[in-house]
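Whatever order the structure lists them in is the order used to number ligands and atoms, beginning at 1. The model shown is predicted, which means the values in this text are computed figures rather than measured ones. Values below: every heavy atom of this structure, side chains too, minus hydrogens, waters and symmetry copies.
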Amino acid sequence: MTAITRIALVGCGAIGTSVLELLHGDPALKVVAIVVPAEGVAAAQKVAPDAQVGSAVPATGIDLVVETAGHAAIEEHVLPALARGTPCVVASVGALSATGFAEKLEAAAVAGKTQVQLIPGAIGGIDALAAARIGGLDSVRYTGRKPPQAWKGTPAEQGRNLDTLAQETVIFEGSAREAALLYPKNANVAATVSLAGLGLDRTLVRLIADPATTENVHTVEAEGAFGSFALTMRNKPLAANPKTSALTVYSAVRALRNRVAPLAI
Ligand SMILES: NC(=O)C1=CN([C@@H]2O[C@H](COP(=O)(O)OP(=O)(O)OC[C@H]3O[C@@H](n4cnc5c(N)ncnc54)[C@H](O)[C@@H]3O)[C@@H](O)[C@H]2O)C=CC1
Ligand SMILES: O=C([O-])CC(=O)C(=O)O
């Protein structure tokens with residue numbers, strides 16, 4: 001457990017930059033490579049002058065690939081890394097809502113005899129939900145509440161002006177599968193709750209634009225043989241990207257530290 005884990009970080013935006021800052025000087029985890037699209041290489045090199053920056057994961061010298069980039073990056077970088085045997089940590093869990101994609105990811109990990117780890121990200125209670133599933137779950141409901149501007153560029157804009165919204169408005173109600181199709185950039189939490197619990201079709205999702213909140217509020221209510229729980233997260237957004245909760249960064253760093261810590265929690 002003392003050797004350094006050499007990380008290739010895919011994506012260097014709001015999450016990636018904060019992860020880099022928190023890992024700086026870590027004795028066991030070192031970001032040695034950063035992978036971004038060609039137009040982002042110069043900017044990423046400034047953020048991490050010591051790392052090898054490019055548009056592909058280096059073929060050698062990488063022990064772990066960490067994705068904080070978006071759905072396309074999983075197809076482009078995570079699948080090939082898994083297939084050649086490099087373990088991967090993935091933040092863009094919403095990508096697994098696409099039909100057959102979870103199976104594709106699993107098949108790549110099997111081919112490479114390795115593992116892909118999905119981080120809980122912005123949501124808590126995933127350990128409890130996934131454990132409860134083993135005993136049997138009856139219902140799982142997820143509600144996502146965000147400030148109106150966090151829903152810009154989504155179907156929530158149809159038929160309403162998000163800039164002048166006076167009261168909280170339900171913008172979507174349906175299955176996690178439909179939510180992922182209509183709101184792909186906000187699908188990470190719904191997908192994570194679904195994968196840990198009752199799946200995309202049986203997980204009920206409600207999305208709300210609320211002018212009275214400045215936070216990303218996620219609520220999960222689950223019932224089953226274990227009993228029940230209701231969890232509300234009031235997450236502060238990252239300054240660099242208000243669509244992303246700061247907790248996502250901490251979740252990624254926790255996952256990485258747990259991979260090398262003698263005592264993991
Ligand atoms: N699991 C969770 O709870 C959450 C997951 N996320 C996921 O994390 C992703 C990143 O979030 P932010 O850092 O806030 O976004 P951001 O937009 O600030 O940064 C994205 C970074 O990825 C890079 N990138 C984009 N496409 C790429 C590709 N194909 N290959 C390599 N790099 C690529 C961009 O150049 C940029 O550096 C989101 O797209 C989302 O999928 C975000 C919030 C919560
Ligand atoms: O709160 C966040 O960080 C992002 C979010 O809702 C999601 O991607 O599902």
(message) Listing request: all ring pair (Phe, Tyr, Trp, His ring centres under 6.0 Å) pairs with a residue in residues 22-80, at least two apart in sequence or in separate chains.
(response) none
(message) Below 4.0 Å, non-hydrogen atoms only: which portion of Thr68 touches ligand 1? Side chain, backbone, both or neither.
(response) backbone
(request) Quick one: list whatever passes salt bridge (charged side-chain N to carboxylate O under 4.0 Å, His left out) with Glu75, sequence neighbours left out. (result) Lys104
(message) Once side chain to side chain contact (heavy atoms under 4.5 Å, CB included) is applied, do any residues pair with Val32, and if so which ones, sequence neighbours excluded?
(response) Arg6, Lys30, Ile62
(request) Report yes if His77 has an N/O atom closer than 3.5 Å to an N/O atom of ligand 1; otherwise report no. (result) yes
(request) Check each atom of ligand 1 against the heavy atoms of Glu76 and keep those under 4.0 Å away; list them by number with element. (result) 29 (N)
(request) Mark yes or no for whether Asn241, through its side chain, and Gly13, through its backbone, hold a donor-acceptor pair below 3.5 Å. (result) no
(message) Checking the side chain of Glu67 only, and the main-chain atoms of Gly70 only, is there a donor and an acceptor separated by less than 3.5 Å?
(response) yes
(request) Report the nearest protein non-hydrogen atom to atom 7 (C) of ligand 1: residue, atom name, distance rounded to 0.1 Å. (result) Ser92 OG, 3.4 Å
(message) For Ala212, is there any backbone N or O sitting under 3.5 Å from a side-chain donor or acceptor partner on Glu168?
(response) no
(message) Under 4.0 Å, heavy-atom basis, I'd like to know which part of Lys243 is in contact with ligand 1: side chain, backbone, both or neither.
(response) neither
(request) Write out the residue and atom name of the closest protein heavy atom to atom 5 (C) of ligand 1, then the distance separating them to 0.1 Å. (result) Ala91 O, 3.2 Å
(message) Please check this pair: side chain of Asn216 against backbone of Arg234, looking for a donor-acceptor N/O pair closer than 3.5 Å.
(response) no
(request) Number the atoms of ligand 1 from 1 as they appear, then name those within less than 4.0 Å of a heavy atom of Asn241, with their elements. (result) 12 (P), 14 (O), 15 (O), 18 (O)
(request) Rounded to the nearest 0.5 Å, what's the gap from NE2 on His218 to OG on Ser245? Could you check? (result) 4.0 Å
(message) Regarding atom 40 (C) of ligand 1: of the candidates Asn216, Asn188, Leu9, which has the closest heavy atom?
(response) Asn188
(message) Could you check whether atom CD of Gln52 has more than 12 heavy atoms from other residues, nucleotides or ligands sitting under 6.0 Å from it?
(response) no
(request) Could you list the atoms of ligand 1 found under 4.0 angstrom from a heavy atom of Gly121? (result) 1 (N), 2 (C), 3 (O)
(request) Please state whether Thr192 comes within less than 4.0 angstrom of ligand 1, counting heavy atoms only. (result) no
(request) Could you find the nearest protein heavy atom to atom 28 (C) of ligand 1 and give me its residue, atom name and distance? (result) Ala73 CB, 3.6 Å
(message) List ligand 1 atoms under 4.0 Å from His71, heavy atoms only on the residue side.
(response) 41 (O)
(message) Within this structure, what is the OG1-CG distance for the pair Thr192 and Leu96, rounded to the nearest 0.5 Å?
(response) 8.5 Å
(message) Taking the basic N atoms (NZ, or NE/NH1/NH2) and the acidic carboxylate oxygens, is any pair closer than 4.0 Å for Arg141 and Glu173?
(response) no
(message) I need the nearest protein heavy-atom contact for atom 13 (O) of ligand 1: residue, atom name and distance, please.
(response) Ile15 N, 2.8 Å
(message) Only heavy atoms of Gly70, strictly under 4.0 Å: list the atoms of ligand 1 that pass.
(response) 9 (C), 39 (O), 41 (O)
(message) Please check this pair: side chain of Thr169 against backbone of Gln167, looking for a donor-acceptor N/O pair closer than 3.5 Å.
(response) yes
(message) Pairs of nitrogen or oxygen atoms closer than 3.5 Å, one from Ala122 and one from ligand 1: do any exist?
(response) yes
(request) Heavy-atom contacts with Val35 under 4.0 Å: which atoms of ligand 1 show up? List them by number with element. (result) 31 (C), 32 (N)
(message) Within this structure, what is the CZ-CH2 distance for the pair Arg145 and Trp151, rounded to the nearest 0.5 Å?
(response) 11.0 Å
(request) Identify, for atom 44 (C) of ligand 1, the protein heavy atom at the shortest distance, and state residue, atom and that distance. (result) Thr248 OG1, 3.4 Å
(request) List, ordered by chain and residue number, the protein residues whose closest non-hydrogen atom lies under 4.0 Å from any atom of ligand 2. (result) Ala122, Lys146, Lys185, Asn186, Ala187, Asn188, Val189, Asn216, His218, Lys243, Thr244, Ser245, Thr248
(message) Does any part of the side chain of Val253, heavy atoms only, come nearer than 4.5 Å to the side chain of Tyr250, both counted from C-beta?
(response) no
(request) Taking only heavy atoms of Ala14 into account, list the atoms of ligand 1 that are under 4.0 Å away from them. (result) 13 (O), 14 (O), 16 (P), 18 (O), 19 (O)
(request) Give the atoms of ligand 1, by number and element, whose distance to some non-hydrogen atom of Val10 is under 4.0 Å. (result) 31 (C)
(request) Closest by any non-hydrogen atom to atom 20 (C) of ligand 1: pick that one out of Ala69, Gly11, Ala44, Ser251. (result) Ala69
(message) Has Thr143 got a side-chain atom pairing as donor or acceptor with Arg206's backbone, closer than 3.5 angstrom?
(response) no
(request) Measure the CD-OG distance between Glu76 and Ser55 for me, rounded to the nearest 0.5 Å. (result) 8.0 Å
(request) Between Lys185 and ligand 1, find which residue part has any heavy-atom pair under 4.0 Å and reply side chain, backbone, both or neither. (result) neither
(message) Return the closest protein heavy atom for atom 37 (O) of ligand 1 as residue, atom name and distance.
(response) Cys12 N, 3.0 Å
(message) Taking Ala51's backbone N and O only, do any of them form a donor-acceptor pair with Gln45's side chain (distance below 3.5 Å, no angle check)?
(response) yes
(message) For atom 43 (C) of ligand 1, tell me which residue out of Val47, Val41, Thr244 has the closest non-hydrogen atom.
(response) Thr244
(request) Identify the protein heavy atom lying closest to atom 21 (C) of ligand 1, giving its residue, its atom name and the separation to 0.1 Å. (result) Gly13 N, 3.6 Å
(message) Suppose we measure from atom 33 (C) of ligand 1 to each protein heavy atom; which comes out shortest, and what is that distance?
(response) Pro37 CD, 3.4 Å
(request) Report yes or no: do Ile74 and Tyr183 belong to one cluster of Ile/Leu/Val/Met/Phe/Trp/Tyr joined by side chain heavy-atom distances under 4.5 Å? (result) no
